[in-house]
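Below you'll find the structure, written out as structure tokens, and then a few comments.
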Amino acid sequence: MALDLDTLNPEQLAAVTLEDRHALVLAGAGSGKTRVLTTRIAWLVHEGRVSPAGVLAVTFTNKAAREMLARLSAMLPVSLRGLWIGTFHGLSHRLLRAHHRDAGLPATFQIVDAQDQLAVVKRVLRALGADEERFPLREVQAFIAAQKEDGVRAAEVRARDERTRRLVEFYAAYDETCAREGLVDFGELLLRACELLARNALVREHYQARFRQVLVDEFQDTNRLQYRWLKLFAGPRTSVFAVGDDDQSIYAFRGAQVGNMAEFEREYAAGCVIRLERNYRSHGRILEAANALIRHNRRRLGKRLWTEQGPGEPLRAHQAFSDEDEARFVVEAVQRLAAQGVPLGQIAVLYRSNAQSRVIEHALFGAGLPYRVYGGLRFFERAEIKHALAYLRLLAVPEDDAAFLRVVNFPPRGIGGRTREAVAAQAAASAQPLVAAARATEGRAAAFVALLERLREQARGLALAETVRHVIDASGLAAHYRAQRDGAERLENLAELENAAAAFAEEWAATGGEAGEDPLLAFLAHAALESGEHRAAEGGEALQLMTVHAAKGLEFDTVFLCGLEEGLFPHEQSLYEPDGQEEERRLAYVAITRARRRLYLCCAQTRRLHGQTRWALPSRFFDEIPPELVQWIDTPRPSPARAPVRPAVPRGAPFRIGQNVHHPTFGAGVVIGAEGDGADARVQVRFGAAGVKWLAVSVAKLAPA
DNA sequence: CTGAGAATGATTTTT
DNA sequence: TCATTCTCAG
């Protein structure tokens with residue numbers, strides 16, 4: 001695959017060969033987005049407009065970064081050394097390793113994933129004697145992560161109430177702990193990188209002068225911090241090429257700001273917005289359904305997909321009596337398709353929430369149909385892997401308290417809470433890391449430290465994979481799992497970790513790595529930043545089961561979309577979130593646009609959820625798809641959904657639950673409750689910063705938003 | 001310190 | 001319903 005511009009459509013070509021300026025590319029589903037992005041880079045380099053070292057290409061996933069790099073290497077005969085391509089986190093990590101002193105980090109700083117972060121938060125809350133009833137662990141963690149995603153440090157949080165002030169204290173203490181122990185969480189990677197660039201003019205100017213072309217993929221998923229990150233890398237002579245699709249923004253709950261697209265257009269790309277609306281994936285009816293559905297969203301930049309393929313088959317819809325019947329319907333339809341020769345790997349079953357997979361799996365298993373479920377724990381997130389990694393971290397950084405606590409008693413060696421508390425108290429009193437305090441004790445804790453020191457001594461001079469092997473054996477992990485009845489799989493995973501280390505070391509040697517860096521440190525960072533793909537791969541012999549979120553970016557010949565019911569999809573939780581309904585609709589849009597040829601839409605009248613049987617109406621999304629596109633199977637078309645899950649506001653009240661509203665003082669909010677009617681009507685509204693408030697409809701200047 | 005039962009709470013999760 | 005987390009007795 002050389003650099004081939006002839007097969008690009010006019011819009012793609014315009015984007016690829018755009019003059020040197022900022023641009024926003026609105027790339028619809030299946031419009032050849034990745035191809036445009038990679039061809040753009042190849043074109044810039046090929047034309048001599050930029051050297052590979054002048055390119056910064058940012059993605060969200062490692063998979064996307066790898067794919068872009070692979071395509072680029074195929075298109076360009078030149079060495080791509082010096083090209084910075086990777087995830088926001090991977091690139092931030094690279095920057096921070098190179099400038100750790102300027103960033104105020106130890107050379108051996110460790111990356112903690114969400115799991116590790118939770119453990120640190122827990123430790124901090126315990127140390128502060130926090131009321132864990134009032135401040136659940138997960139909420140505190142979410143608060144800290146959300147603040148970082150917004151680029152806000154503890155000292156900068158505008159705390160209006162007592163509760164927030166307390167949360168800020170936890171946030172500050174958490175950051176202090178991380179700083180003391182040399183730990184950096186995902187948000188911190190980006191925040192530190194931003195602060196480094198913002199404060200250090202020398203570093204900033206160096207990178208701004210170097211990167212003449214900045215390209216961003218999946219721009220609709222960027223959060224506030226990532227937007228800032230991009231602005232800091234983009235100097236006065238840099239062109240930013242942002243590619244995204246506001247209609248596929250489905251990660252607001254993780255801090256993504258769809259508004260970044262409009263903001264970017266205003267701030268950078270004014271007058272240079274290119275729309276890729278020609279779709280190469282789906283048949284006409286599927287696109288029409290998607291277009292019709294998404295038109296119900298109000299906040300859009302606007303886009304309408306089209307295709308030169310014919311209309312194709314009608315969409316098929318089915319309302320089953322129960323979730324089990326729904327699963328049976330899927331199984332029977334899949335069997336018919338399989339009999340027609342459709343490969344199972346080209347069929348996907350999508351659902352809103354993971355809990356739905358159980359029933360479907362059960363039915364598939366009963367029918368003997370092979371399937372693969374995506375989601376769940378990934379390789380580097382498995383307990384046995386995290387344990388092994390903790391030992392490795394302790395080799396690299398003895399003073400890593402988080403790692404210490406994880407394995408001090410694993411495998412069990414009789415060091416319980418009592419001993420740990422004593423060691424922790426000693427460490428706190430002498431302002432030392434836990435290892436140092438433990439070394440000074442008599443007994444088991446000291447013996448553990450001796451074990452660590454022995455391991456470190458023995459690992460000296462060993463290759464990375466040998467070190468991993470040695471640690472697994474000499475730490476007692478291998479023996480522990482060997483003795484367990486169901487430890488075989490865990491042992492296999494540990495063996496796989498050794499393989500992963502070997503593969504990593506080889507890759508490391510081939511690319512040279514960063515000068516002077518320790519391969520063990522690099523491997524640990526790799527493990528944290530790339531927790532192992534668990535997303536679907538093309539082909540295969542098995543049916544693919546996954547959430548709609550996990551399906552983003554993928555495509556299948558046939559898609560079954562299950563559980564299209566009010567309360568499930570759109571999910572009832574979304575009623576309480578600002579713009580929740582629109583996000584759910586975008587999610588449905590993503591689901592629909594995954595299908596190439598056949599799309600089945602399923603719902604059930606009853607569903608077992610949390611042990612109870614619940615009744616549900618067909619999703620409102622059915623009403624938003626033109627009926628002439630849909631063929632109902634075995635079911636007369638159900639009556640329109642309309643009725644909300646919760647009772648609506650009493651008669652005559654102008655607001656419905658789930659509705660977005662605006663208040664002159666509190667700003668944007670969403671109606672989450674109501675009582676009374678007429679002159680007494682009151683509504684409960686959740687505002688962003690101001691929190692939840694009850695407002696009298698007749699008094700408050702509340703307007704629909 | 002450890003294992004067994006109770007309590008809990010339960011969308012989505014690229015890094 | 002069910003999986004994970006927490007508490008308490010041995």
Applying ring pair (Phe, Tyr, Trp, His ring centres under 6.0 Å), can you list everything that pairs with [X], at least two apart in sequence or on another chain?
X	answer
A/His100	none
A/Phe60	A/Phe88
A/His571	none
A/Tyr481	none

Give [X] one of three labels, base, sugar-phosphate or nothing, depending on what nucleic acid heavy atoms sit under 4.0 Å from its own.
X	answer
A/Asn409	sugar-phosphate
A/Thr419	sugar-phosphate
A/Tyr251	base
A/Ile250	nothing

In terms of the angle between their ring planes, are A/Phe569 and A/Phe621 parallel, tilted or perpendicular, with boundaries placed at 30° and 60°? perpendicular
Classify the ring geometry between A/Trp508 and A/Phe504 as parallel (under 30°), tilted (30 to 60°) or perpendicular (over 60°).
parallel
Grab the [atom1]-[atom2] distance between [X] and [N] for me, whole Å please.
X	N	atom1	atom2	result
A/Arg138	B/dT12	CZ	P	12 Å
A/Trp229	B/dT15	CH2	C1'	13 Å
A/Gln115	B/dT13	CD	C1'	13 Å
A/Phe88	B/dT14	CZ	C1'	11 Å
A/Arg413	B/dT2	CZ	C1'	16 Å
A/Phe410	B/dT2	CZ	C1'	13 Å
A/Arg254	B/dT12	CZ	P	13 Å
A/Leu190	B/dT15	CG	C1'	9 Å

When rounded to the nearest 0.5 Å, the distance separating NE2 of A/His526 from NE2 of A/His93 is 11.5 Å
What N/O pairs connect the protein and nucleotides 3-5 of chain B at under 3.5 Å? Give each pair on its own line.
none

What pairs with [X] under side-chain hydrogen bond (donor to acceptor under 3.5 Å, both in side chains), at least two apart in sequence or on another chain?
X	answer
A/Arg444	none
A/Glu139	A/Arg163
A/Asp247	A/Arg300, A/Lys303

What side-chain donor-acceptor pairs closer than 3.5 Å can you find for residues 182-193 of chain A, not counting sequence neighbours?
residue  : atom : partner  : partner atom : Å
A/Asp185 : OD1  : A/Gly187 : N            : 3.0
A/Asp185 : OD1  : A/Glu188 : N            : 2.6
A/Asp185 : OD2  : A/Gln117 : NE2          : 3.4
A/Asp185 : OD2  : A/Lys148 : NZ           : 2.8
A/Asp185 : OD2  : A/Tyr174 : OH           : 2.7
A/Glu188 : OE1  : A/Lys148 : NZ           : 2.7
A/Glu188 : OE1  : A/Arg153 : NH1          : 2.9
A/Glu188 : OE2  : A/Arg153 : NH1          : 3.3
A/Glu188 : OE2  : A/Arg153 : NH2          : 2.8
A/Glu188 : OE2  : A/Arg192 : NE           : 2.8
A/Arg192 : NH1  : A/Ala103 : O            : 2.8
A/Arg192 : NH1  : A/Gly104 : O            : 3.4

Checklist line | Donor on one side chain, acceptor on other, A/Asp217 and A/Thr59, under 3.5 Å | finding: no
Any side-chain donor near an acceptor of the partner, A/Gln257 and A/Asn223, under 3.5 Å
no
(Q) Check this for me: does any side-chain nitrogen of one of A/Asp221 and A/Arg254 sit under 4.0 Å from a carboxylate oxygen of the other? (A) no
Problem set entry | Separation of the P atoms in C/dT5 and B/dT12, to the nearest angstrom | 15 Å
Using atom P of each nucleotide, how far apart are C/dT4 and B/dT13 to the nearest Å? 16 Å
A/Asn62 vs B/dT15: side-chain N/O to OP1/OP2 distance below 4.0 Å:
yes
According to a strict under-4.0 Å criterion, is A/Arg378 in side-chain N/O contact with OP1 or OP2 of B/dT13? no
At a 4.0 Å cut-off to heavy atoms of chain A, the contacted part of DNA chain C spans C/dT1 to C/dC6
In short, A/Val423 meets A/Ala438 closest at the heavy-atom pair CG1-N, 3.9 Å
Numerically ordered, the residues 118-127 of chain A set in heavy-atom contact under 4.0 Å with DNA chain B is none
Below 3.5 Å between N/O atoms, which protein atoms pair up with nucleotides 8-11 of chain B? Just atom names and distances, please.
residue : atom : partner  : partner atom : Å
B/dA10  : N3   : A/His610 : ND1          : 3.4
B/dT11  : O4'  : A/His571 : NE2          : 3.2
B/dT11  : O4   : A/Glu577 : OE2          : 2.0

